[in-house]
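Below is one structure, written out as structure tokens; the observations come after it.
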Amino acid sequence: MKKLILVCGPAGIGKSTFCRKYEADHPDEEVKIIAADEVRMAMTGGYDKFPPNHNMMVVYERMIELAEQYFSEGGDNLTIMMDTTMLYDERRSYFLRNIRGYERKELFLLKVKDVKTCLERNHLRKQEKWVPEEVIIDMYNCYKDPAPEVAKQFDEVKTFYVD
């Protein structure tokens, strides 16, 4: 079964680490991780660079193209992990509307009990990937669980506390 997993959480929470651990823990699955940071870096030449006018939609569109490409090339045990903040339902629904064909869709909500964990982890990354602290705090405060009508679009919604 081809599976799509949206991995959500504010900057610094550990989405990429979580995805790599999932991949290591599921050797029977053909896991492909599509990370917004990596796609943006490939498009702009740096983790600290953004598309013109900070238009992240071009990054999201490329992520969707990659998911479609992997779908057409992948086997029946393909798992795509979309690693980007997706702090609210509008963005989650955008990916669901635009990525088709996957038999199973899961939403993984990564959480911590205190934003300080994200701030500390942020500084463990390469310096060019550091996110300003006020941006992380704002992301943490804006992060919302899915509304029931959005949650029902997924086969499963899981919450993981990663602190």
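- Scanning both residues, R100 and R97, for their nearest heavy atoms gives NH2-O, 3.0 Å.
- Using modelled atom types, no side-chain atom of N55 and backbone atom of P51 make a donor-acceptor pair closer than 3.5 Å.
- Taking 4.0 Å as the cut-off between side-chain N and carboxylate O, D163 and R121 do not count as a salt-bridged pair.
- Put simply, the side chain of S93 never gets that close to the backbone of E90: no donor and acceptor are under 3.5 Å apart.
- A donor-acceptor contact shorter than 3.5 Å is absent between the side chain of D83 and the backbone of I34.
- The environment of CG in N53 is sparse: at most 12 heavy-atom neighbours from other residues, nucleotides or ligands sit within 6.0 Å.
- To the nearest 0.5 Å, the span separating CD on E103 from CG on D76 amounts to 7.5 Å.
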Run the side-chain contact (heavy atoms from CB on, under 4.5 Å) check on E120 and L124 step by step: do they pass? CA-CA 7 Å; E120 291 166 2; L124 296 175; 5.9 Å; no
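- Atoms CD and CE, on E61 and M43 in that order, are 8.0 Å from each other to the nearest 0.5 Å.
- Within the 4.5 Å cutoff, the side chain of D48 has no heavy atoms near those of the W130 side chain.
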Could you check M1 against Y102 for side-chain contact (heavy atoms from CB on, under 4.5 Å), going step by step and ending with a plain yes or no? CA-CA 8 Å; M1 169 183 338; Y102 288 85; over 6 Å; no
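- Between E65 and R62, at least one side-chain N (NZ, or NE/NH1/NH2) sits under 4.0 Å from a carboxylate O, which counts as a salt bridge.
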Apply side-chain contact (heavy atoms from CB on, under 4.5 Å) to the pair L107 and M86, showing each step before the final yes or no. CA-CA 10 Å; L107 177 64; M86 292 180 276; 5.8 Å; no
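- The minimum heavy-atom distance between T85 and K15, with the atom names listed, is N-CE, 4.0 Å.
- Here the CZ-SG distance, from F95 to C8, works out to 9.0 Å after rounding to the nearest 0.5 Å.
- In this structure a side-chain-to-backbone donor-acceptor pair under 3.5 Å is present from K2 to G74.
- Between T44 and F50, the closest side-chain pair of non-hydrogen atoms is not below 4.5 Å.
- Shown here for C118 and A11, the closest heavy-atom pair between the two residues is CB-O, 3.7 Å.
- With respect to R104 and E106, a salt bridge is recorded, a charged nitrogen being found less than 4.0 Å from a carboxylate O.
- Checking E30 against Y70 by side-chain atom types alone, no donor-acceptor pair falls below 3.5 Å.
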Test side-chain contact (heavy atoms from CB on, under 4.5 Å) on F71 and I80 and set out the steps. CA-CA 8 Å; F71 181 87; I80 296 294; over 6 Å; no
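- Contact annotation: the side chain of V31 approaches that of I33 to within less than 4.5 Å [non-hydrogen atoms, C-beta and beyond].
- Using a 4.5 Å heavy-atom cutoff, the side chains of D37 and M41 are not in contact.
- Here OG of S16 is found 7.0 Å from CD of E38. Values are rounded to the nearest 0.5 Å.
- Atom CG of L87 and atom CG of L109 lie 10.5 Å apart (nearest 0.5 Å).
- Counting only distance, with no hydrogens or angles, the side chain of Y140 and the backbone of K116 share no donor-acceptor pair below 3.5 Å.
- Taking 4.5 Å as the limit, some side-chain heavy atom of I64 sits within range of a side-chain heavy atom of Y94.
- Between the side chain of K3 and the backbone N or O of N77 there is no donor-acceptor pair closer than 3.5 Å.
- Side-chain contact between T79 and H26: absent, with no pair of heavy atoms (C-beta onward) separated by less than 4.5 Å.
- F108 pairs with exactly one of Y161, F154, F160 by the ring-ring contact (aromatic ring centres under 6.0 Å, His included) rule, that one being F160.
- Of the possible donor and acceptor atoms, none in the side chain of D89 sits under 3.5 Å from a partner among the backbone N and O of V150.
- Side-chain contact between K105 and L96 is present, with heavy atoms from C-beta onward closer than 4.5 Å.
- With hydrophobic clusters built from ILVMFWY side chains whose heavy atoms lie under 4.5 angstrom apart, L119 does not share a cluster with Y47.
- You'll find the side chain of R40 reaches within 4.5 Å of the side chain of M56, heavy atoms only.
- Annotation for M82 and I99: closest pair CE-CD1, 3.8 Å, computed over non-hydrogen atoms.
- Taking CG of N141 as the reference point, atom CD1 of I136 lies at 12.0 Å (rounded to 0.5 Å).
- Closest non-hydrogen pair, L110 versus I13, comes out as O-CD1, 3.1 Å.
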